[in-house]
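Indexing begins at 1, ligand by ligand and atom by atom, following the structure's order. Keep in mind that what you see is a predicted model, and the values were worked out from it rather than measured. Residue numbers run from 1 in the order of the sequence given.
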Amino acid sequence: MTDCLFCRMVAGEVPATVVHETDRTLAFRDINPQAPTHVLVVPKQHHPTVAALAEADPDLLAAVVRAAAAVAVQEGLATEDGVEPGYRVVTNTGPQAGQSVPHVHLHVLGGRDLTWPPG
Ligand code: 5GP
Ligand code: ZN
């Protein structure tokens with residue numbers, strides 16, 4: 001989709017600070033970080049929401065989650081076999097949840113205590 005911001009980032013038309021990449025996923029730093037680590041993980045293929053992705057391509061959804069886990073390890077938020085210190089994976093769906101880019105993305109947040117419930 002040529003008018004989709006994250007498709008354009010995947011295509012290299014909009015600059016991104018890429019921290020992790022696979023053949024099917026891209027992870028880059030959020031432009032407006034809400035925590036010391038705030039990385040967005042996207043499938044390279046356009047799907048609007050996590051539910052749409054799960055329906056269309058569950059293997060790709062799993063690849064996006066694996067990429068988020070790899071980012072967490074890379075950023076020092078977890079170890080390969082442990083969950084310390086920990087991190088949060090968030091995906092917003094729809095306007096009331098604050099989804100502002102209609103290309104599914106996982107927020108990987110960490111590096112500080114994260115309050116619960118989220119706002
Ligand atoms: P949402 O609000 O849809 O859950 O998340 C979209 C995220 O994309 C926001 O956290 C926002 O800061 C981030 N974002 C918006 N535009 C850009 C951009 O041009 N570059 C990067 N790296 N992040 C962006
Ligand atoms: Zn897109």
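The Zn ion (ligand 2) forms the vertex of an angle spanning SG of Cys7 and ND1 of His46; to the nearest 10 degrees it equals 110°.
For the Zn ion (ligand 2), the nearest N, O or S atom contributed by His103 is named ND1.
Other residues sharing the hydrophobic cluster of Ile31, ordered by chain and number and joined by side-chain separations under 4.5 Å: none, the residue standing alone.
In this structure the side chain of Leu109 never reaches within 4.5 angstrom of the side chain of Thr37, judged on heavy atoms.
In Glu55, the CD atom is not crowded: 12 or fewer heavy atoms of neighbouring residues, nucleotides or ligands sit closer than 6.0 Å.
Among the atoms of Cys4, an N, O or S atom is found under 2.8 Å from the Zn ion (ligand 2).
Within 4.0 Å of ligand 1, the residues that place a heavy atom are Leu5, Phe6, Met9, Phe28, Arg29, Asp30, Ile31, Asn32, Leu40, Asn92, Gly98, Gln99, Ser100, Val101, His105, His107, listed by chain and number.
Separation of the His105 and His103 ring centroids does not fall under the 6.0 Å cut-off.
A donor-acceptor pair under 3.5 Å is absent between the side-chain atoms of Glu13 and the main chain of Leu5, judged by distance alone.
Using a 4.0 Å cut-off between charged nitrogen and carboxylate oxygen, Arg66 and Asp59 do not count as a salt-bridge pair.
Ring geometry, His38 versus His107: the interplanar angle falls from 30° to 60°, so the pair is classed tilted.
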